Undergrad: 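Before we start, here is the structure in question, set down as structure tokens.
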Amino acid sequence: MGVKGLQYFMEKCCPETCVMVDFREMARQHVNSHQQGSSTTLPTLVVDGMACLRHWYSCQAWVYGGQWKEYMHCLKEFVGAFTTAGIRLVFFFDGVVEEEKRAEWVNRRLKVNEEVAKVFRYLKFHGQQPGRELFCLPSGLATFSRFALKSLGQETWCSVREADYEIASFALRHNCMGILGQDTDFIIYGSVPYLSVAQLRLDTMTTVLFSTDKLCHALQLQKSELPLLACLLGNDVVPEQRMQRLRSDALAAYRRKHPQSPPQGEKIYAVADFISSNMLSREGAHGVSCLPLTDREVLEKGVMYYLLPGQQPLWDISDTSPRSPVCLMKSYLSPDILQAAKEKHMRAECFMVYNVLYDGVVECSNTLEDREDAELIPQAIVYQPCRERIYGILLPTNPDSGGRAPTVREWFVFPGNPLKDPKVVSPLPLNHSDLKRLWFGKDSETKGLRISTFLTVFELDEFSVEHDRLDGSLMAVLCLVTYIAMQVGHLSLEDIDAYLSQAICVRYKSYTELLHTRVSHVEPRAVQLGSLFVRGLTHLVAANSACGCPFPMEQLMPWNTFDGLLFHSKYLLAHSGRPQEELLEGNASWVSLFRFLRELVLGICSRRGQTIQSRPRITHPGKHVDHSEQWRERGAPSGQHGPSPQRYRPQTRSPSGQHGPSPQRYRPQTRSPSGQHGPSPQRYRPQTRSPSGQHFPSPQHYTPQTRSPSGQHFPSPQHYTPQTRSPSGQHFPSPQHYRPQSRGPRAQAHVFTEHNRPRSTHPNRRRYHLAPRWQNPHPDFP
């Protein structure tokens, strides 16, 4: 984001522009320099919320759908650190995507699609969460972060145009102490100091300030020339390739003048020199007017992007007035509805409504979906019917006198969508009262009308009776799970059990208790179902916004309804055939509530002709899995074994299909020809099989045994590795510590294979264990 290459240039090529600062000292200096008489106001820091999401989401688990209670704790710590330092925070979030930036938005979404594909390849191969290098934000994080900060009492705003512009304008207008973000556009605006969230340390309250003055000194430019520099380098408005010819000319001229200059950073130095040498920022024969018309128009448009209210460009531009949002639905709606929608949107009190009513454009970013999974349909398509009904609440569905009817353009990211054009969706007619009554009505009947309209969005009018029996959070879960069950054809009873059991359990668990939730491995299908649920919560919020908020928004938030890791553990339990009592952790009242909700969901599906069948899936972990680091990060003792009474542990099956406990740390199992699984030790080594294909347990360390001439095995004290067979095919137990013994004279030659290695001749050989070799068959992962 921001100016192409400028962040790297300042950090690596011009480090004097990066200054370490202390927030508390900055705040003190700001108060002293702006104190008016005897009155003092708290120094204000404007926070770019979209740029902070990765910093805020510091939870170890991210692939499961989001650890929302833990995330709320992270936000409380962030806010608390600045409150303690005496700094007031004001948060801004992107509320729209301007059409000038649509192409850049599409390119970024397509790139993230490839990153998501890498995540699922990793999950299928390793069976565990990838490292932070493949980190993807949980679905709906930006949307729910607005409501989270408001619930913490923070001033939060949602933009009606480009958020960077509104942040810089707000900071300049209110004389703020700085902007916290990760976007070099704030250097170009130059309204207030730009502070890096990537370098932020809450424990010391320090970060890096990117100095606009020092940058101008290094490049020998004026501050007013920085917008032109940004446009020539490329930004979100002026594509980088658009000015490639000018940059090439500038670089060639710079190298002729400075043949000994180092290559690092010379592109930016060359463009700055090109601006100074050709006086591009001034009017005249050598100014902008000497450029080709098309290039000049693009540069003028880009420079206008950086002009804040009251600022003037360096050369004469025909239209310098800031572009205001244009309401395309003005002819269909009353002014008071439009004004109310805008105010609620700006105060971050609703979702999706403003975008539909003003320009009829709705977008949805990436989520964790496996493009190779042909069974689960894309999430955007799952929720399209309810979106059509939401549009039907907000917009008229009958053509006007000119035969025109409003439509909505959807930019939704999902596998298989190239995002070349938006999908045009028509609102679906609903039998509901007019929008004014839903939004502004105060009589007792209006409340019931709002609830019934909300249920109609999801085609669940039968649940109107249950509204008085369940609180808002459970009602939200009931509606969402039922809707998913009716829309997703391959949903099973086990999936529904996982959804409902986690929604009940998460209500009674603190974030610290949830930190100790453990799973044996990561199941890609459960990852998709977790994201599907959270994406559905955003649609609940949108429907609630359109219907006049029959439910308090707080009741629809994921920290009250969902925990990704907890859902994953319930999914594995449910598909392992565990009883309901175990899913609900032995709590009788939870079991009773679970059965009540389950009966409601299945009853609706049955009446609609949707049969939900039991289809337990035998989940298979990936190859070469090592969960020790992941488990240790979540608080698991490093050497502990044995079943735990409250937390799920993976179980293996005996040849007869019975389940038995397995240790705390999971290692991949091998399979017999019949597909049966057997337990594996703490450190995985390949097992061998008997002629019947059965597997036998192995202890902690495992390497090949040798046989006596009679075929018998002999115990050895130190380590243990795969067993071999006697001539009769029988196996013999060996103790936990085992070293292979020789059988008679030493063989003259050894074959180096995976299961057969020569005995070490090292004098301390009893201290070492040679693990079998293997080569990674996957080309993309180590």
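Just the heavy atoms: all of them, side chains too, but no hydrogens, waters or symmetry mates, feed the values below. Here the structure is a predicted model, which means the values were calculated and not measured.
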Undergrad: Do the charged groups of Arg409 and Asp359 touch, with an N to O distance under 4.0 Å?
TA: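 Between Asp359 and Arg409 there is no salt bridge, as every charged N stays at least 4.0 Å from the carboxylate O atoms.
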
Undergrad: When you compare the side chain of Leu491 with that of Ile496, does any pair of heavy atoms fall below 4.5 Å?
TA: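 Sidechains of Leu491 and Ile496: in contact.
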
Undergrad: Specify whether His55 and Phe78 have parallel, tilted or perpendicular ring planes, treating 30° as the upper limit for parallel and 60° as the lower limit for perpendicular.
TA: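 The rings of His55 and Phe78 stand perpendicular, inter-plane angle above 60°.
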
Undergrad: Would you give the length of the straight line joining atom CD of Glu599 to atom OG of Ser606, rounded to the nearest 0.5 angstrom?
TA: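 Interatomic distance, Glu599 CD to Ser606 OG, rounded to 0.5 Å: 11.0 Å.
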
Undergrad: Strictly by modelled atom types, are Glu98 and Tyr305 linked by a side-chain donor-acceptor pair under 3.5 Å?
TA: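 Absent: no donor and acceptor within the cut-off.
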
Undergrad: Rounded to the nearest 0.5 Å, how far apart are OG1 of Thr156 and CZ of Arg347?
TA: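 Going from OG1 on Thr156 over to CZ on Arg347, the span is 12.5 Å.
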
Undergrad: Using distance alone, with no hydrogens and no angle criterion, decide if Asp185 and Tyr306 have a side-chain donor and acceptor under 3.5 Å apart.
TA: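 Result is yes, a qualifying pair exists.
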
Undergrad: Charged N to carboxylate O under 4.0 angstrom, Asp471 versus Arg507?
TA: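 The answer is yes: the pair qualifies as a salt bridge.
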
Undergrad: Does a sphere of radius 6.0 Å around CD in Glu375 hold more than 12 heavy atoms from other residues, nucleotides or ligands, not counting ones at 6.0 Å or beyond?
TA: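 Atom CD in Glu375 is crowded, with more than 12 foreign heavy atoms closer than 6.0 Å.
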
Undergrad: Less than 4.5 Å apart, side chain to side chain, heavy atoms only: is that true for Leu455 and Met475?
TA: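 Side chain of Leu455 against side chain of Met475, heavy atoms only: contact under 4.5 Å found.
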
Undergrad: Dump the intermediate steps for side chain to side chain contact (heavy atoms under 4.5 Å, CB included) on Arg437 and Glu445, then the final yes or no.
TA: CA-CA 10 Å; Arg437 184 180 179 189; Glu445 293 182 0; 3.5 Å; yes

Undergrad: Start with the C-alpha gap between Asp373 and Arg525, add the side-chain angles, then the distance that decides, and say whether salt bridge (charged side-chain N to carboxylate O under 4.0 Å, His left out) holds.
TA: CA-CA 9 Å; Asp373 189 338; Arg525 186 173 181 275; 5.7 Å; no

Undergrad: Any donor and acceptor pair, going by atom type alone, linking the side chain of Tyr383 with main-chain N or O of Leu532 inside 3.5 Å?
TA: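 The answer is yes, because a donor-acceptor pair under 3.5 Å joins these two groups.
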
Undergrad: With a 3.5 Å cut-off and no angle check, do the side chains of Trp105 and Glu99 form a donor-acceptor pair?
TA: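 Judged by distance alone, the side chains do not pair up.
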
Undergrad: Is the backbone of Val96 close enough, under 3.5 Å, to the side chain of Tyr354 for a donor and an acceptor to pair up by distance?
TA: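 Checking the backbone N and O of Val96 against the side chain of Tyr354, no donor-acceptor pair under 3.5 Å is found.
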
Undergrad: By the ring pair (Phe, Tyr, Trp, His ring centres under 6.0 Å) test, which pairs, at least two apart or in different chains, include something from residues 446-466?
TA: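 Residue pairs with at least one partner in residues 446-466: Phe454-Phe458, Phe454-Phe551, Phe458-Tyr483.
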
Undergrad: About how many Å separate CE of Met329 and CD1 of Ile337, when rounded to the nearest 0.5 Å?
TA: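 These two atoms lie 14.5 Å from each other.
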
Undergrad: Assess the residue pair Glu388 and Ser426 against the criterion (side chain to side chain contact (heavy atoms under 4.5 Å, CB included)); give the C-alpha distance rounded to whole Å, side-chain angles, the decisive distance to 0.1 Å, and a yes or no.
TA: CA-CA 7 Å; Glu388 292 174 351; Ser426 298; over 6 Å; no

Undergrad: For residues Trp62 and Tyr57, establish whether the separation of their ring centroids is below 6.0 Å.
TA: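 No, they do not, as the ring centres are separated by 6.0 Å or more.
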
Undergrad: Out of curiosity, Trp439 CH2 to Ile393 CD1, how far, rounded to the nearest 0.5 Å?
TA: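 That separation rounds to 10.5 Å.
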
Undergrad: Check Glu369 with Arg535, please: is the shortest side-chain N to carboxylate O separation under 4.0 Å?
TA: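 Result for this pair is no, no salt bridge flagged.
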
Undergrad: What residues form a side chain to side chain contact (heavy atoms under 4.5 Å, CB included) with Glu115, not counting sequence neighbours?
TA: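 Partners of Glu115 under the side chain to side chain contact (heavy atoms under 4.5 Å, CB included) test: Val112.
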
Undergrad: With no hydrogens and no angle check, is any side-chain donor or acceptor of Asp370 less than 3.5 Å from a backbone partner on Gln528?
TA: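 Side chain of Asp370 to backbone of Gln528: no pair is present.
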
Undergrad: When you check the gap from the basic side-chain N to the acidic O, do Arg469 and Glu466 get nearer than 4.0 Å?
TA: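 Result for this pair is yes, salt bridge flagged.
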
Undergrad: Side-chain polar contacts of residues 135-145 - donor-acceptor pairs under 3.5 angstrom, sequence neighbours left out - could you list them?
TA:
unit_1: Ser139; atom_1: OG; unit_2: Thr367; atom_2: OG1; d: 2.3
unit_1: Ser145; atom_1: OG; unit_2: Tyr71; atom_2: OH; d: 2.6
unit_1: Ser145; atom_1: OG; unit_2: Leu141; atom_2: O; d: 2.6

Undergrad: Do Ile390 and Val356 pass the side chain to side chain contact (heavy atoms under 4.5 Å, CB included) test, and can you show the C-alpha distance, the side-chain angles, and the key distance before you say yes or no?
TA: CA-CA 10 Å; Ile390 292 173; Val356 174; 5.9 Å; no

Undergrad: Can you tell whether the side chains of Lys69 and Asp563 come within less than 4.0 Å, N to carboxylate O?
TA: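 No, this pair does not count.
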
Undergrad: If you define the side chain from C-beta out and look only at heavy atoms, does anything of Ser151 sit under 4.5 Å from Glu554?
TA: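 SC-SC contact between Ser151 and Glu554 confirmed.
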
Undergrad: Can you see whether Phe351 has Arg146 sitting over its ring - NZ or CZ less than 6.0 Å from the centre and within 45° of the normal?
TA: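 Cation-pi check for Arg146 and Phe351: fails.
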
Undergrad: Side chains of Asn544 and Pro550: does their closest heavy-atom pair fall under 4.5 Å?
TA: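 Of all side-chain heavy-atom pairs linking Pro550 with Asn544, at least one is under 4.5 Å.
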
Undergrad: Can Val361 and Trp411 be said to form a side chain to side chain contact (heavy atoms under 4.5 Å, CB included), step by step?
TA: CA-CA 8 Å; Val361 178; Trp411 292 91; 3.8 Å; yes

Undergrad: Let me confirm one number: the NE2-OG distance from His174 to Ser169, rounded to the nearest 0.5 Å.
TA: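 The distance works out to 9.0 Å.
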
Undergrad: So does Glu100 pair up with Lys301, basic N to acidic O under 4.0 Å?
TA: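 No.
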
Undergrad: Indicate, with yes or no, if the rings of Phe170 and Phe92 have centres closer together than 6.0 Å.
TA: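 Here the rings of Phe92 and Phe170 have centres that are less than 6.0 Å from each other.
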
Undergrad: Under 4.0 Å between a side-chain nitrogen and a carboxylate oxygen: does that hold for Lys4 and Glu104?
TA: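 Yes, Lys4 and Glu104 are salt-bridged.
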
Undergrad: With a 4.5 Å limit on heavy-atom distance, are the side chains of Val362 and Tyr391 in contact?
TA: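 Yes, side chains in contact.
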
Undergrad: Under the salt bridge (charged side-chain N to carboxylate O under 4.0 Å, His left out) rule, what do Arg109 and Glu363 come out as? Steps first, then yes or no, please.
TA: CA-CA 11 Å; Arg109 303 288 76 75; Glu363 53 270 326; over 6 Å; no

Undergrad: Any side-chain heavy atom of Leu368 sitting closer than 4.5 Å to one from Val116?
TA: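 With C-beta onward as the side chain, the pair touches.
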
Undergrad: Taking Asp183's backbone N and O only, do any of them form a donor-acceptor pair with Tyr194's side chain (distance below 3.5 Å, no angle check)?
TA: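 Yes, Tyr194 side chain to Asp183 backbone: donor-acceptor pair under 3.5 Å.
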
Undergrad: Are any of the side-chain heavy atoms of Asn113 and Phe414 separated by less than 4.5 Å?
TA: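 Contact flag for Asn113/Phe414 side chains = no.
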
Undergrad: Counting N and O atoms only, with roles assigned by atom type, does the side chain of Asn560 sit under 3.5 Å from a partner on the main chain of Val506, one being a donor and the other an acceptor?
TA: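 Looks like no, no N/O pair under 3.5 Å.
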
Undergrad: Okay, side chain of Gln502, backbone of Thr561: is any donor-acceptor separation there less than 3.5 Å?
TA: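 Present.
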
Undergrad: Is there a side-chain contact between Val47 and Phe93 in this structure, where contact means two heavy atoms from C-beta onward sitting under 4.5 Å apart?
TA: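 No. Closest side-chain heavy atoms not under 4.5 Å.
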
Undergrad: Do Arg173 and Glu166 sit within salt-bridge range, that is, some charged N less than 4.0 Å from a carboxylate O?
TA: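 A salt bridge is absent here (no side-chain N lies under 4.0 Å from a carboxylate O).
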
Undergrad: Distance check, rounded to the nearest 0.5 Å: Cys386 atom SG versus Leu540 atom CG?
TA: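 Reported to 0.5 Å precision, the distance equals 8.0 Å.
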
